[in-house]
Amino acid sequence: MASTGDVRRLFLQSLLSRGIVSEALCKTLYAKCVEAVKAANDDLNIASADTDEAFDEVIKQLNVSLNDLDLEIKSTQDELNGKRSFALVNTKDDELAQMATDYTPAEIVFFKAIVDQIMLARNEAFSLSSMAALREVSNIKPKSNMTKTQAETVLASFVAKGWLLRSKRGRYSLSTRTLLELYPYLKSTYGDELLYCTICHEVVTKGMGCHRPNCQVRLHFHCFNLYRRRNSACPTCKIEWPRQATDDPLTAVGEAAVRDGDDGKRRVKARRTNGDEDEDEEMEADSSQPSQPSQPARSQRNKRGSKKKAVADSDEEEDEEEEDEEVPTQEDSPPPRRRSSRR
Amino acid sequence: MARAAARSQRSSRPSQSQSQPRPSQSQRRIDDSDDEDMQDDDDGDEMVEGAGEEESSSTAELRRKANALVRYALFCEHKRMPLRREEFQKKAMGSNSRSFGRVFEMAQLTLKQTFGMEMVELQSKAALEKERTGVDEEQLEESRKATATKKKATTAGSKQYILRSTLDSTIIEYASQTIAEILDQELEDRDEEDENETLPQCYGSILSWSTADQLEPVGILYVILALILVSGRVISDTELRAHLKRLHLSSNVDINFDVKSTIPNNTQSLDNFLESLRRQGYIDQQIIGDAKKAKGPGKGKRVRSTQADNDSGIKYEWRWGVRAQSEIGEQGIAQFVAEFMVTREHEEDEDEEEGGSSRNRRRQDPQKKVEKMLDGIAKAAGGELAGLK
Ligand SMILES: [Zn+2]
Ligand SMILES: [Zn+2]
């Protein structure tokens, strides 16, 4: 016999069968779960959740029942359109969860390498050119026998399954699904790189930043618009802001922040060996020169004036064997010179 | 990556889409009321459990492990791999593997209470074999009943489990139907996803199976299962390939997967496809007993990897695998075939009418047609169609 509790059971099954769903769809689904259970047992008196408060309460209660399982129904706003989505996600980054993904271990290593380069991208660009993404195949350790062609297929799969976004410019960035479902992993691995929106407190990988050099304010586009309607100055440093998030002199978070030459270099975050060290060491991965003084990962703020169009991918990739000899870009220095191919 | 159990609803495909078996058959219902008398799917190892353990701390420990098992079950289901008891024990039970029975019970209860799902043990190949060759139908029926209600015969245990819904069949049926409001919302959301031409189809049902990270061209699997079924539950390799060839599927034709897969070029040869279905346990291949090894029909040697009949004179045959028996069921496939045929006929009728045909043929009630078709399929299979095992 159907019971009231079947509504939440069916709702969870529905979420499990779908992955990420829009807020509107999520609410429709819940309403239909109520109807499904009523169809099975007419006598049940089930409250619908047609107000925002009631729906929030439903989610809250479900999360109580999921807590011990390290699962949670989480929601986040799409960084590009501000639309809220829900997903039932794993809140623990453990071994069992790892092995249960539908990618092979080599593909997961590749995915992690891509995420790594996205997270460590210079100037808060949080994106990676497609050629640089393919190049990651050869940097995978232990060596993988994945070919570049196969890597392309795998990348397309990451995009098709919603783990990565691919922009018009062909740059890969983190998707809403990844930000939702892989947050525990991102947080534990890139705690220092993650930027949070001053308004909604969720992770920002696409948005704007305050242009005052040491001001930490970063906002999603939708959060900026919301805030800017009523305020004209930065919430923290009070400097005046222009009307649009993309206007000068505001800085960019995301692919608009890519500068000439940024894609030519890989960044490697030195994993901390002792916990006390809190400065990231950064190295040029393939550097054949004596290493340059290291540069803190995020201290470098991109000035609007030096924002340049992204380097065309093809420029970078003529020669895959090419060693990277760039000196890390210093703040305010002109874009690095183009390397010359050694062939 | 935590999209758990996307496939857990395989018992509940939308009945609207003609390409899926109907849910009602494949759904075994368990009432909330029997939460207390959990099945004992374990063969009793928990009896030997150490008596001297500290009660409270060990209970908390068991609870933690049970929760880990629930998570593992959901993840396995998402990956559409059966949960292997041995693997879980190795990963999570540590030295204390003897208490698995209790952990399993606790996990089963959580699955049922929180998710309306349960772990169901797949039949072992040995048990299936016995069933198929055994002549004693009565004994068979009895063991089938026993399987459904309480303890599984020790021989039947494969120590592999899949998840199945325990919700009322009316709910499942409702949840598998297309609902206009859901479909509208799905389409609206999809429209906003600009330029992404690779989005999965949507069907507007509460339980979606199309947006799951599904890779296999599931339609071809159903066709293969149907072919085996209507050939009397076993089909020779030659015959199967002849049928598939008529459907333009021959060994040198690539089967298309969608871009979500990581298979090179998103295509796979028929042989590789059959092999992966075999590995997942949907279909099973054996050598037809030749003169030297023959010990009777159906007792051919199992093969390690998919082979086509070849010049060496070795012949192969195909049967349903354990996963197909537990996950899809003969009735499910029969329903799929019947509905597909009837709907198509129906559509053809309509086309004719649109085409100006003045024939005023009285149309048979589609439901009756489906039933008739089901009878026919059962006859072709050589006996009453089995539900889920
Ligand atoms: Zn925000
Ligand atoms: Zn500021």
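To find a chain, count down the sequence lines: A is the first, B the second, and so on, and within it residues start at 1. Note that the coordinates shown come from a computational prediction; the quantities given were computed from them, not determined experimentally.
- No donor-acceptor contact under 3.5 angstrom links the side chains of B/Gln177 and B/Ser205, judged on distance only.
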With a cut-off of 3.5 Å and sequence neighbours excluded, list every side-chain donor-acceptor pair involving residues 40-49 of chain A.
{"from": "A/Asn41", "atom 1": "OD1", "to": "A/Asp43", "atom 2": "N", "distance (Å)": "3.1"}
{"from": "A/Asn41", "atom 1": "ND2", "to": "A/Ala2", "atom 2": "O", "distance (Å)": "3.0"}
{"from": "A/Ser48", "atom 1": "OG", "to": "A/Asp50", "atom 2": "OD2", "distance (Å)": "3.2"}

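- Defined by atom type and a distance below 3.5 Å, a donor-acceptor pair is missing between the side-chain atoms of A/Ser129 and A/Arg171.
- With no hydrogens or angles considered, a side-chain donor-acceptor pair links A/Thr76 and A/Glu202 at under 3.5 Å.
- For the salt bridge (Lys or Arg N to Asp or Glu O under 4.0 Å) test, no residue two or more places apart in sequence or in another chain qualifies with A/Asp78.
- The closest side-chain donor-acceptor pair between A/Ser173 and A/Glu255, if any, does not fall under 3.5 angstrom.
- For A/Leu12, the part lying under 4.5 angstrom from a heavy atom of chain B is the side chain only.
- Scanning for ring pair (Phe, Tyr, Trp, His ring centres under 6.0 Å) contacts around A/Tyr30 gives A/Phe11, with sequence neighbours left out.
- Between chain B and the residues A/Asp68, A/Thr28, A/Thr178, A/Leu10, the most heavy-atom pairs under 4.5 angstrom are made by A/Leu10.
- Side-chain contact of A/Ser22 with A/Lys83: a donor-acceptor pair under 3.5 Å is absent, judged by distance alone.
- Interface remark: B/Ile206 contributes backbone and side-chain atoms alike to the contact with chain A (heavy atom separation under 4.5 Å).
- Note on A/Lys38, A/Glu35, A/Glu152: by heavy-atom pairs under 4.5 Å with chain B, the leading option is A/Glu35.
- Within residues 55-63 of chain A, no residue has any heavy atom closer than 4.5 Å to a heavy atom of chain B.
- Ranked by non-hydrogen atom pairs under 4.5 Å with chain B, the options A/Val37, A/Leu69, A/Asp70, A/Leu155 are led by A/Leu69.
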